[in-house]
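Below: one structure, written as structure tokens.
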Amino acid sequence: MLKITLPDGSVREFDSAVTVLDIAKNISSGLAKATLAGVVNDKLVDASTLITADATVRLITDKDPEGLEVIRHSTAHLLAQAVKQLFPAAQVTIGPVIENGFYYDFSFERPFTPEDLIAIEKKMANLVDQNIKVERVEMSREEAIEFFDSLGEKYKVEIISSIPAGEIISLYKQGDFIDLCRGPHVPSTSKLKAFKLMKVAGAYWRGNSDNEMLQRIYGTAWRNKDELKEYLHLLEEAEKRDHRKIGKQMELFMMSDYGPGFPFFLPKGMQLRNALEDFWRKKVLRNDYSEIRTPIMLHKELWEISGHWFNYRENMYTSEIDEMEFAIKPMNCPGAVLVYKNGLHSYKDLPLRMGELGLVHRHEFSGALHGLFRVRNFTQDDAHIFCTPEQIESEVIQVINSIDEFYKTFGFSYEIFLSTKPEKAVGSDEIWQIAEGALANAMQKIGVPYTLNEGDGAFYGPKLDFKIKDAIGRMWQCGTLQLDFNLPERFDIHYIGEDGNKHRPVMLHRATCGSLERFIGILIEHYEGKFPFWLAPVQAVVVNISEKQAEYANSVYEQLKLAGVRAEIDLSNEKVGYKIRQHSMQKVPYLLVIGDNEVANNQVTVRRQDGSDLGAMSLEEFLGLNN
RNA sequence: GCCGGAAUAGCUCAGCAGGUAGAGCAGCUGACUUGUAAUCAGAAGGUCGAGGGUUCGAUUCCUUUUUCCGGCACCA
């Protein structure tokens with residue numbers, strides 16, 4: 001007698017061993033049809049898994065998140081099966097589930113073409129129609145190695161070799177295709193109803209750039225056709241938000257072949273940027289920080305002391321002048337340390353907080369460049385805090401709160417990552433442990449959740465990274481808070497303590513936006529260019545209906561400028577409809593329309609970017625709208 | 001940096017299979033004097049990313065190179 005406990009607490013009894021699918025059948029035939037897999041005693045398994053002892057069982061259909069994952073994983077196998085049928089010479093490697101879909105890496109003599117993708121997708125659909133059963137097979141390690149070796153699948157052999165001894169090696173067989181896989185999978189290919197191959201790309205074997213490059217095929221898979229359609233539509237919408245596209249349309253910034261990765265800010269982009277900088281000074285610096293500006297280029301020796309010359313050299317631009325070597329700063333910290341060293345400091349001065357909008361240059365790989373998100377020169381909204389070890393915790397908390405408040409203004413969601421000691425690092429393990437502990441403690445104290453990101457710290461200290469989600473769900477590192485015991489040591493900086501002796505201060509590096517350029521890129525996508533009034537490059541355009549109102553329109557325009565509004569005037573001989581369209585497309589928050597009526601009543605008619613009409617009002621009333 | 005794709009007017013894009021390029025919008029000129037997302041007409045605008053090659057002839061084919069796009073790897 002076998003007792004199976006279901007999620008609702010009910011117990012079903014069976015005479016002998018049953019499969020997950022049998023249990024589903026026992027409940028209803030509809031459920032049996034929908035069952036993709038099962039969770040037996042908290043372990044995700046195939047629907048065909050035989051249960052031989054009492055167990056708690058949950059049936060997985062496409063309604064469960066696990067179900068969708070199984071669908072995606074099985075679709076990856078389906079892809080591999082299709083590829084092997086069409087291109088027998090291709091070797092299979094790995095094919096994991098990713099967000100929204102899956103990919104599969106193949107080793108093949110040539111890259112797959114878009115035409116290949118179409119053929120593969122067709123073959124996949126054909127395999128689905130054949131309703132091929134997917135079966136699990138278990139083998140010993142030796143058997144499995146021999147098996148894949150005989151097929152010439154050397155990558156699979158390599159993977160098996162790296163599986164810890166003693167672990168069961170499972171394979172999945174669907175028709176003539178057998179793949180090494182942990183599973184579980186859908187019971188039959190007919191369960192895969194909505195998928196699409198998206199793109200081909202090169203990818204390194206095992207993610208290591210020293211290894212061979214494989215051919216990766218990306219696909220997306222969903223529960224049904226409607227969800228697939230919805231997802232494809234979402235991608236289209238996300239594309240419209242692309243900051244590179246909007247940046248061009250709205251004339252915010254440009255790029256030039258003469259400076260790949262070096263963005264140019266156009267007049268409108270500068271208006272946006274200045275608005276952001278003003279806000280940053282008001283919100284982040286407040287009265288808590290002083291502001292400094294340090295040189296772009298400094299002597300090599302400084303970078304040797306800081307450690308950059310040995311740890312960051314490959315990213316640095318250098319120049320030789322008067323037979324001396326200089327480097328363009330990739331970071332602002334050494335300059336800030338020089339400012340600190342410019343005078344003596346008492347414990348009474350600490351914490352000493354210095355902000356800097358510092359322009360840094362980093363030589364990034366050409367393939368990494370991406371609009372404003374990834375550039376070769378960018379402005380960090382940097383700040384350095386010099387404090388005593390006792391002050392670390394309160395400073396860390398203050399910074400976290402400040403960043404949180406700043407992001408909230410824009411309605412951004414974000415995640416925090418704690419990055420620990422990397423391979424290439426300065427300072428002892430002991431110092432690193434203290435620093436990592438200090439960051440973790442501060443977060444625990446104020447109850448902020450975070451994810452550990454091991455080995456990803458800066459070479460001089462551990463850090464907290466604040467990652468913002470962009471329009472398409474990509475995460476971008478923006479804010480950062482780095483704890484540094486090393487630079488103070490290297491530059492031998494100190495403060496005079498209460499006891500009259502010299503003490504070593506601790507240094508905190510912090511940034512809220514991270515890179516102003518990247519942050520602006522994210523803002524563009526976040527708002528789709530429809531910036532809130534305070535950020536909008538052009539806040540209002542005065543539009544006349546005919547020449548008759550030109551004089552009054554001009555006086556309105558002048559008054560707007562006097563009131564500090566970033567305004568433009570459009571007196572062109574076009575119909576109002578045309579002008580409205582032009583400025584609406586430029587996403588100007590307010591259009592002030594002026595015809596004979598407005599002139600007569602000394603008013604303006606206000607139209608918002610979203611098309612809503614606020615009607616006629618006095619200019620004073622309009623100015624009051626955003627105060 | 002690696003793999004693949006792309007580069008044609010200011011912008012968005014056509015250009016079949018080699019025969020020195022075309023549209024819409026913007027810009028310019030003129031007419032219209034306009035009431036909430038495109039008024040009409042006219043003229044103009046291009047070394048077809050750059051270098052080299054094949055050819056009687058190259059935007060088109062080959063090659064080198066630059067930049068961009070999608071991934072990988074790296075990162076704010």
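Letters go in sequence order (proteins before strands), and every chain restarts at 1. Computed from a predicted structure; not experimentally measured.
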Does a side-chain heavy-atom distance below 4.5 Å link A/Y527 with A/K587?
-> no
Applying ring pair (Phe, Tyr, Trp, His ring centres under 6.0 Å), name anything that partners A/F406, two or more places apart in sequence or on another chain.
-> A/F279, A/F410, A/F519
In whole angstrom, give the distance that lies between atom [atom1] of [X] and atom [atom2] of [N].
{"X": "A/Q586", "N": "B/rA26", "atom1": "CD", "atom2": "P", "answer": "13 Å"}
{"X": "A/K245", "N": "B/rC69", "atom1": "NZ", "atom2": "P", "answer": "13 Å"}
{"X": "A/Q249", "N": "B/rC13", "atom1": "CD", "atom2": "P", "answer": "11 Å"}
{"X": "A/D210", "N": "B/rA73", "atom1": "CG", "atom2": "C1'", "answer": "10 Å"}
{"X": "A/H370", "N": "B/rG71", "atom1": "NE2", "atom2": "P", "answer": "8 Å"}

For nucleotides [N] and [M], find the distance between their [atom1] atoms and express it as a whole number of Å.
{"N": "B/rC68", "M": "B/rG30", "atom1": "C1'", "result": "40 Å"}
{"N": "B/rA44", "M": "B/rG52", "atom1": "C1'", "result": "34 Å"}
{"N": "B/rU55", "M": "B/rU60", "atom1": "P", "result": "16 Å"}

Salt bridge (Lys or Arg N to Asp or Glu O under 4.0 Å) against A/D610, all qualifying residues, sequence neighbours excluded | A/R608
Contacts of A/R374 that satisfy salt bridge (Lys or Arg N to Asp or Glu O under 4.0 Å) - sequence neighbours left out = A/E364
In chain order, what residues pass the side-chain hydrogen bond (donor to acceptor under 3.5 Å, both in side chains) check against [X], with sequence neighbours excluded?
{"X": "A/D570", "answer": "A/S572, A/H583"}
{"X": "A/W222", "answer": "A/T220"}
{"X": "A/K84", "answer": "A/E153"}

Give the dot-bracket string for RNA chain B, reading 5' to 3', where a pair is Watson-Crick or G-U wobble with both distances under 3.5 Å, ( ) marks pairs inside the strand, [ ] marks pairs crossing earlier ones, | marks a partner on another strand, and . marks unpaired.
-> (((((((..((((.....[..))))..((((.......))))......(((((..]....))))))))))))....
Within residues 399-423 of chain A, find the residues that approach RNA chain B with a heavy atom at under 4.0 Å, and present them sorted by residue number.
-> none
In residues 251-260 of chain A, which residues come under 4.0 Å of RNA chain B by heavy atom?
-> A/D257, A/P260
Can you find an N or O donor on one side and an acceptor on the other, under 3.5 Å apart, linking the side chain of A/Y204 with the base of B/rG1?
-> yes
Under the side-chain contact (heavy atoms from CB on, under 4.5 Å) test, residues paired with A/L266 that sit two or more places apart | A/E251, A/M254
Under 3.5 Å, which N/O atoms of the protein pair with N/O atoms of nucleotides 74-76 of chain B?
unit_1 : atom_1 : unit_2 : atom_2 : d
B/rC74 : O2     : A/R374 : NH1    : 3.3
B/rC74 : O2     : A/R374 : NH2    : 2.5
B/rC74 : N3     : A/R374 : NH1    : 2.9
B/rC75 : O2     : A/R374 : NE     : 3.3
B/rC75 : O2     : A/R374 : NH1    : 3.2
B/rA76 : OP1    : A/K463 : NZ     : 3.1
B/rA76 : OP2    : A/K463 : NZ     : 3.3
B/rA76 : OP2    : A/Q477 : OE1    : 3.4
B/rA76 : O3'    : A/Q477 : O      : 3.0
B/rA76 : O3'    : A/Q477 : OE1    : 3.1
B/rA76 : O3'    : A/Q477 : NE2    : 3.0
B/rA76 : O2'    : A/Q477 : O      : 2.5
B/rA76 : O2'    : A/R518 : NH1    : 2.8
B/rA76 : N6     : A/E364 : OE2    : 3.3
B/rA76 : N6     : A/V375 : O      : 2.5
B/rA76 : N1     : A/V375 : N      : 3.2
B/rA76 : N1     : A/V375 : O      : 3.3

Using a cut-off of 4.0 Å between protein heavy atoms and nucleotide atoms, how would you tag nucleotides 30-40 of chain B 5' to 3' with B, S and -?
-> --BBBBBBBB-
Think A/K199 has a side-chain N or O under 4.0 angstrom from the OP1 or OP2 of B/rG70?
-> no
